[in-house]
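A quick note: this is a predicted structure, and the numbers were derived from the prediction, not measured. In this chain, residues are counted from 1 in sequence order.
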Amino acid sequence: MAFASPAGTNAVRHPAEALNCVAELAAHLAGVACVLLLEEAPGGWVMQGSHGLQQPACESAAAFALHALEYPGNAACTLDLAGHPALSAHPWVQGAPHFRFCQVLRLPVGPDQPSARLVLLDDATREPSHATPPGLRAMTRHAADVLMLYRLRQECEQNSIHMLSESESRLNLTEHTAGVGSWSIELDTGRLQHSEEFASILGLQAGERISDLASMVLRYAPEWRSGISLRLQRCAQAGDAFDEEIQVLMVNAAPKWVRTVGTAVQDPSGHILRIQGAVQDISAQKQAQQETLRLAMRLTTTLASITEAFVTLDRQCCFTYLNQESERLLQKTTADLLGLALWHDFGEGLAQRLQDQLDKALKTNRRVELEDYFPSLGKWLEVRAYPFAEGLAVYFRDVTERRRSQEQLMLLETSVARLNDIVVIAEAGGDADQEPHIVFVNDAFEQQTGYTRAEVLGQTPRMLLDNNPATARLSETALGLRQKWQARTELMVHHKNGKAFWVELEIVAVQATAEEITHWVAVGRDITQRKTAEDMIRHMALYDPLTDLPNRQLLLDRLQLALAQSARSGQHGALMFIDLDNFKILNDTLGHHMGDQLLQKVAARLTQSVRKTDLVARLGGDEFVIMVDDLSTDAAAAAYKSRALAEKVLNMLREPFQIADHQHFATPSIGVTPFNGEQNDAGELLKQADLAMYQAKSLGRNTLCFFDPAMQATMTSNATISADLRVALREQQFVVHYQPQVDRQGVISGVEALVRWQHPIKGLIRPADFIPVAEDTGLILPLGQWVLETACEQLAAWGDWPGTASLSIAVNVSVHQFRHPNFVDMVMAAIARTGIRPHKLKLELTESLLADRMEITIEKMGMLKALGVTLSLDDFGVGYSSLSCLKRLPLDQLKIDKGFVADVLTDPNDAAISRAIIALAQSLSLQVVAEGVETHEQRDFLAYQGCDQFQGYLFAPPLPIETLDAFLRNPSAGMMVLA
C-alpha cells in the first residue's frame with residue numbers, strides 16, 4: 001500500500017482549509033497534539049487535512065500513520081507506539097516530536113463513498129485516554145460531510161473546465177462564421193488576449209500571437225497608428241467607446257480594411273478593469289463602395305459627353321441635371337436653373353404649350369416632341385421628352401437654321417432634308433374635299449415600301465393604307481393640317497408585299513402665299529423596331545413573363561371592368577384564388593427550373609379548363625386567379641356553376657404532371673368568392689378570394705372553399721376588443737410610450753408618442769391589435785384626444801427643464817379624428833390649456849387623408865399650420881398621396897415608411913424609393929424622418945442620401961415616460977440632448 005499525493009490541492013483552496021479546520025477541532029476535542037485526516041483512494045490513502053505539523057512534515061506523518069492503519073487491533077483503541085514492532089524505533093517516537101500514543105477513528109461515510117480515517121497522535125507527556133469524547137464522535141460525522149463537499153467541488157470544477165472548453169470552441173466557430181475576431185486588454189497587467197479569428201484577420205502566422213497593446217497598434221498602417229492609439233488611451237482612461245474603419249498591414253499582401261471597435265469594462269464602482277473589442281474584415285465592403293463611386297463618376301462623365309443639349313426633370317418638370325451643351329443653349333448655368341420649372345423664364349403661351357406636352361408625356365408614359373420658338377433665346381428649338389421613373393429626359397436641338405431654310409427654300413429644301421427617310425410630296429387639291437395626289441417620292445420610299453415611282457405617282461397616299469385605324473388617323477391628321485398647316489403622327493404602312501411597318505410621319509405645308517397651300521411634304525422614318533420594343537414593354541408590364549398570363553395589374557383592371565359590366569347586366573361572376581400546395585418542396589428538391597416548368601404546365605391546364613372569355617392570371621409565385629363572368633342572373637345558379645368550374649380545376653390539377661423525367665403530383669387549394677354589380681372594389685374581392693383560399697388550406701389543402709361573408713370568428717374577436725376598449729377608456733388603462741427621434745449629429749430632437757393598452761389580463765397590447773377596431777367603432781376619437789392631451793401635458797412638463805425644453809412630441813392622428821368637425825378646436829384648446837409652444841407639437845397625418853375631400857383636408861391643415869403646429873405626413877409612399885396633391889399641402893416633414901427602410905440595403909427597389917422620397921422632400925423644402933432604423937448601416941445609407949432625422953430601435957425602443965426621462969438625462973453612446 002502506498003500514499004498518493006492529493007489531487008488538486010493547489011487548485012481548490014477553500015475545501016482544503018475547511019478540512020484542516022476539522023483536524024484542528026478534532027485535536028482540541030481529543031486533547032492531542034496532532035491529527036491527520038485520511039481518505040482511501042484507488043492509488044492508496046490520501047491525506048486531505050492535518051493539524052499539529054508543519055507542511056514539509058505532513059507527507060512523513062502520513063507514511064508514519066500508515067503503519068497505524070495496518071495495526072490488527074481494534075480500530076478505535078489507543079495504540080502505544082513504544083511497543084509497536086514497526087514504529088517503536090521510528091525517529092518521531094525516539095525523538096521530537098516524541099509521539100507515544102496513536103488512535104485511529106473510522107469516519108461514517110455513505111455506502112458508495114470511499115473510506116476515511118481520523119488519526120490522533122500524542123506525545124509521551126500525556127496520559128492516554130481510551131474513551132472517545134462525545135464531541136469528537138460528532139466531529140467524525142462533520143468531517144465526513146466536509147469530505148463529501150470537497151469531492152463534489154472537485155467534480156464541479158472538472159465539469160466547468162469541460163464546459164469552458166466547449167464554450168471557447170463554439171465562440172471560435174461563431175467568430176469565424178461571422179468574420180469577427182475579439183480581443184481584450186487587462187489594464188493592471190497590460191496583457192492582451194485575442195481569439196483565433198482575430199489572428200486570422202490581422203494575418204498572424206500559425207502560432208503567432210499579439211501579447212500587448214503596442215504590438216497590436218504596430219499591426220495597423222502607419223498613418224492610422226496615432227489615431228487608434230489615442231482612441232485606445234481614451235477608452236482605457238475615460239471609458240470612451242470607439243468604432244473605426246482602419247487599414248492593417250498584411251505580410252506579402254496589400255493592406256486590409258478592418259472595422260475596429262472597443263469599449264471599456266467597469267466594476268460596480270465605475271473603475272475600468274479592462275478594455276475589450278473586436279475587429280471585422282470590411283475589405284469587400286470598401287471595394288464595393290469604391291466601385292460604386294467609379295460607376296457614378298463614369299455615369300456623370302457619360303452624361304456630360306452627350307453632344308446634344310440634354311437635361312433631366314423631376315415629375316414637377318423642375319431641372320435636376322443639365323449638361324454643358326444645354327447650359328450653352330439655354331444661356332444659363334446649372335446653379336441658375338436647378339430646382340426651377342423648365343418654363344419658368346418663358347412667355348405665357350410658350351410656357352403653357354411646354355407644360356401641356358410634358359404633362360402629357362408623364363401621364364401617358366410616352367415620349368413627346370414639339371418644336372417652338374423661344375423668344376428669350378431668339379431660337380427655334382426642337383424639344384424631345386422621354387419619360388422615365390423619376391421624371392423626364394429632355395433633349396433640346398437648335399432648329400433655327402432649319403426653320404429659316406424651310407422658309408427660304410420651301411419645296412427644294414423640304415424634299416432633300418431627310419434623304420435617308422421616306423419623303424413624299426403631294427400636290428394639294430383645289431377643293432378642301434379633294435384628296436392630294438403624289439407627285440414625288442424619294443429613293444428611301446421605293447426601298448422601304450417596294451413601290452416604284454411609276455406605281456405611285458398620281459395616286460393618293462391612301463393606297464399605302466388598309467381600311468384600318470391608320471385611315472382614320474390620316475383623316476385626323478388632314479384636319480390638323482388644315483388648322484395648323486403641319487402635323488406629326490405615327491401610321492402603319494403596308495409594303496407592296498403586304499408586310500406592315502410603322503412610320504413616324506411629319507407633314508408640313510408648302511405655301512405659295514400666306515393663304516394658299518400648293519403642296520404637302522411628308523417625311524417619315526421607320527420606327528417598327530421602336531414600336532415593337534414599346535409593345536414588348538407594355539406586354540411585360542401587364543403579363544407574367546414566365547407563363548405569359550395576365551399579371552395582377554391587368555387582372556385588377558379586367559375585374560373592375562367586369563364589376564361595372566355586372567352592374568349594368570345583372571350577371572353574376574366569380575373569382576377563384578388558386579394556390580399550389582407544398583410548391584416550395586418541389587423548388588427545394590428538384591430546383592427552381594423544375595418549379596418554373598410546373599407553373600407553365602399549370603397555367604396551360606388552367607387556360608384549357610375555362611372559357612375563352614374567362615381570364616386566367618398569375619399573381620406571382622404559385623398563386624393563380626381565374627375570373628369568370630356572365631354565369632347567370634340568378635345567384636344560386638351562378639354559385640352552382642362556379643363550384644362546378646372550381647371542382648373541374650381541382651380535378652385537372654390533381655392529375656400528374658410530367659416534368660422532364662419526373663412525374664409530379666400537385667394539389668391546389670382554391671378559394672372562391674362570387675361577385676355582382678353590388679361590389680365595386682376589385683382589390684377587396686381579391687382579398688376575399690385569398691382569405692377563402694387560406695380557409696381551404698386550413699381545412700387540409702387539396703380542396704376548395706367559398707368565402708364566408710359572416711366571418712364569425714373575426715366579428716366575435718372585434719366585438720370583444722370593442723367592449724374591452726370601452727372599459728379601458730373608462731378605467732384609463734391606456735399609457736403612452738415615447739420613442740426618440742435623432743438627427744444626423746446624434747442630437748435627440750424629439751419623440752413620437754405611441755399609445756399602449758395596459759390590459760389587466762392580457763398585459764401590454766400593441767396599437768396594431770386594437771387601433772383598427774377603435775377606428776371601426778369610433779372609439780378612436782376619445783382615445784386620440786386623450787393621447788393628444790397627454791402629449792401636450794408632457795410638453796408642458798418638459799418646458800420647465802432646460803434639458804428637455806427644446807424637444808418636440810409627434811402625435812399620430814387618424815383619419816376619423818382629423819375629419820371630426822371640432823378637431824382643430826380641440827387641438828387649440830389643448831395647446832391653450834397646457835400653455836405649450838405650438839411648434840413643439842407635431843401632428844403625423846396618414847396618406848389615407850388624401851384619398852378624398854382634399855379641399856377640406858387642405859383647409860384644416862392650413863388652420864393648424866397658421867396656429868403654429870408642425871405637420872408631418874406619416875408612412876409616405878405606401879398610401880394615396882400624389883405629387884399634384886403633395887405640393888398643395890402645408891407640410892413640414894415626410895416620414896419614410898419602415899417597410900422601405902428594412903430592406904434599403906438589400907433591395908434595390910427600396911433603396912431607389914428611399915432616395916426618391918428624400919430627393920422629393922428636399923425639392924419641396926421638407927424635412928425627412930426615416931422610421932424603423934435598426935442598424936448603423938441603414939442610418940449611414942439614409943444620412944448619405946440626405947435624410948434629416950432617424951427613429952428606430954438602433955437608438956431606443958418606445959419607452960415609458962419614467963424610462964425616457966432617465967434616458968434623456970443619460971443618453972446612449974453617440975446621442976445627446978441639447979439644453
Novice: Short question: side chain of Arg219, backbone of Leu202 - any donor-acceptor pair under 3.5 Å?
Specialist: yes
Novice: When you measure from the side chain of Ser808 to the backbone N and O of Gly750, does any donor-acceptor pair fall under 3.5 Å?
Specialist: no
Novice: Show the numbers, then the answer: is there a side chain to side chain contact (heavy atoms under 4.5 Å, CB included) between Trp224 and Val217?
Specialist: CA-CA 9 Å; Trp224 300 100; Val217 172; over 6 Å; no
Novice: Over all heavy atoms of both residues, which pair between Phe818 and Met861 is shortest? Give the atoms and the distance, please.
Specialist: CZ-CG, 3.7 Å
Novice: Just one of Lys842, Glu844, Gln893 clears the side-chain hydrogen bond (donor to acceptor under 3.5 Å, both in side chains) bar with Ser872, so which one?
Specialist: Gln893
Novice: Tell me yes or no: between the side chains of Glu752 and Asn812, is some donor less than 3.5 Å from an acceptor?
Specialist: yes
Novice: So which heavy atom on Gly181 is nearest to which on Ile201, and how close?
Specialist: N-CD1, 3.7 Å
Novice: With the side chain counted from C-beta on, respond yes when Leu362 and Cys317 share a heavy-atom pair under 4.5 Å apart, and no when they do not.
Specialist: yes
Novice: Just jot down the salt bridge (Lys or Arg N to Asp or Glu O under 4.0 Å) partners of Arg231, sequence neighbours excluded, or say none.
Specialist: Glu244
Novice: Could you tell me if Ser184 and Gln276 have a donor-acceptor pair between their side chains, going purely by distance under 3.5 Å?
Specialist: no
Novice: Taking atom CZ of Arg225 and atom CG of Leu218, what is their separation to the nearest 0.5 Å?
Specialist: 5.5 Å
Novice: Glu623: what forms a salt bridge (Lys or Arg N to Asp or Glu O under 4.0 Å) with it, not counting sequence neighbours?
Specialist: none
Novice: Start with the C-alpha distance between Leu764 and His737, add both sets of side-chain angles, then the distance that settles side chain to side chain contact (heavy atoms under 4.5 Å, CB included), and finish with yes or no.
Specialist: CA-CA 11 Å; Leu764 200 64; His737 288 187; 3.8 Å; yes
Novice: How far does CG of Leu807 sit from CD1 of Ile809, to the nearest 0.5 angstrom?
Specialist: 8.0 Å
Novice: Check salt bridge (Lys or Arg N to Asp or Glu O under 4.0 Å) between Glu931 and all other residues, then give those that pass, not counting sequence neighbours.
Specialist: Lys895
Novice: Counting only heavy atoms not in Tyr386, do more than 12 fall under 6.0 Å of its OH?
Specialist: yes
Novice: Take a 6.0 Å sphere around CD of Gln289 and say whether it holds more than 12 heavy atoms from other residues, nucleotides or ligands.
Specialist: yes
Novice: Around atom NZ of Lys898, are there more than 12 heavy atoms of other residues, nucleotides or ligands at under 6.0 Å?
Specialist: no
Novice: Would you say the side-chain atoms of Asn582 pair up with the backbone N or O of Ile585, donor to acceptor, closer than 3.5 Å?
Specialist: no
Novice: Heavy atoms, side chains only, cut-off 4.5 Å: are Ile246 and Val248 in contact?
Specialist: no
Novice: What is the distance from atom NZ of Lys363 to atom CG of Leu358, rounded to the nearest 0.5 Å?
Specialist: 12.0 Å
Novice: Could you list all the salt bridge (charged side-chain N to carboxylate O under 4.0 Å, His left out) pairs where at least one residue sits in residues 742-751, not counting sequence neighbours?
Specialist: Arg744-Asp948
Novice: Under 3.5 Å, side chain of Thr263 to main-chain N/O of Ala241, donor-acceptor pair present?
Specialist: no
Novice: Hey, what do you get for CG (Asp579) to CG (Asp581), rounding to the nearest 0.5 Å?
Specialist: 6.5 Å
Novice: Taking Thr870 for its side chain and His839 for its backbone only, find out whether a donor-acceptor pair lies under 3.5 Å.
Specialist: yes
Novice: Using side-chain heavy atoms (C-beta onward) and a distance below 4.5 Å, is Leu598 in contact with Met594?
Specialist: no
Novice: Any side-chain heavy atom of Ile896 sitting closer than 4.5 Å to one from Ile918?
Specialist: yes
Novice: Go through it in stages, so that I can follow the logic: the residues are Phe242 and Thr260, the test is side chain to side chain contact (heavy atoms under 4.5 Å, CB included), and I'd like the CA-CA distance, side-chain angles, deciding distance and then a yes or no.
Specialist: CA-CA 8 Å; Phe242 62 88; Thr260 303; 3.9 Å; yes
Novice: Is any side-chain heavy atom of Val933 less than 4.5 Å from a side-chain heavy atom of Val901?
Specialist: yes
Novice: Applying ring pair (Phe, Tyr, Trp, His ring centres under 6.0 Å), can you list everything that pairs with His194, at least two apart in sequence or on another chain?
Specialist: Phe198
Novice: How close do Gly899 and Asp910 get, heavy atom to heavy atom, and via which atoms?
Specialist: O-OD2, 3.7 Å
Novice: Please list all pairs passing the side-chain hydrogen bond (donor to acceptor under 3.5 Å, both in side chains) test where one or both residues lie in residues 934-945, with sequence neighbours left out.
Specialist: none
Novice: Taking Arg315 for the side chain and Cys318 for the main chain, is one N or O donor matched with an acceptor at less than 3.5 Å?
Specialist: no
Novice: With a 4.5 Å heavy-atom cut-off, do Leu920 and Phe876 have their side chains touching?
Specialist: yes
Novice: At what distance, to the nearest 0.5 angstrom, does CG of Asn551 lie from CE of Met540?
Specialist: 11.0 Å
Novice: Of all the heavy-atom pairs spanning Phe967 and Phe955, show the shortest one and how long it is.
Specialist: CZ-O, 3.9 Å
Novice: Just by distance, with hydrogens left out, do Gln600 and Asp596 show a side-chain donor and acceptor under 3.5 Å apart?
Specialist: no
Novice: So how far is it from Lys840 NZ to Gln794 CD, rounded to the nearest 0.5 Å?
Specialist: 14.0 Å
Novice: Return yes if some donor-acceptor pair links the side-chain N/O of Gln739 with the main-chain N/O of Ala956 below 3.5 Å, else return no.
Specialist: yes
Novice: Side-chain contact, heavy-atom cut-off 4.5 Å: Leu686 with Asp690?
Specialist: no
Novice: Between Arg234 and Asp240, is there a side-chain N and carboxylate O pair less than 4.0 Å apart?
Specialist: no
Novice: Under a 4.5 Å cut-off applied to non-hydrogen side-chain atoms, are Arg259 and Gln285 in contact?
Specialist: no
Novice: I need the minimum non-hydrogen distance between Val787 and Val811, along with the two atoms involved.
Specialist: CG1-CG1, 4.0 Å
Novice: Nearest heavy-atom pair of Val904 and Ala911: which atoms, and what distance?
Specialist: O-CB, 3.4 Å
Novice: Start with the C-alpha distance between Asp548 and His539, add both sets of side-chain angles, then the distance that settles side chain to side chain contact (heavy atoms under 4.5 Å, CB included), and finish with yes or no.
Specialist: CA-CA 9 Å; Asp548 206 35; His539 185 85; 2.6 Å; yes
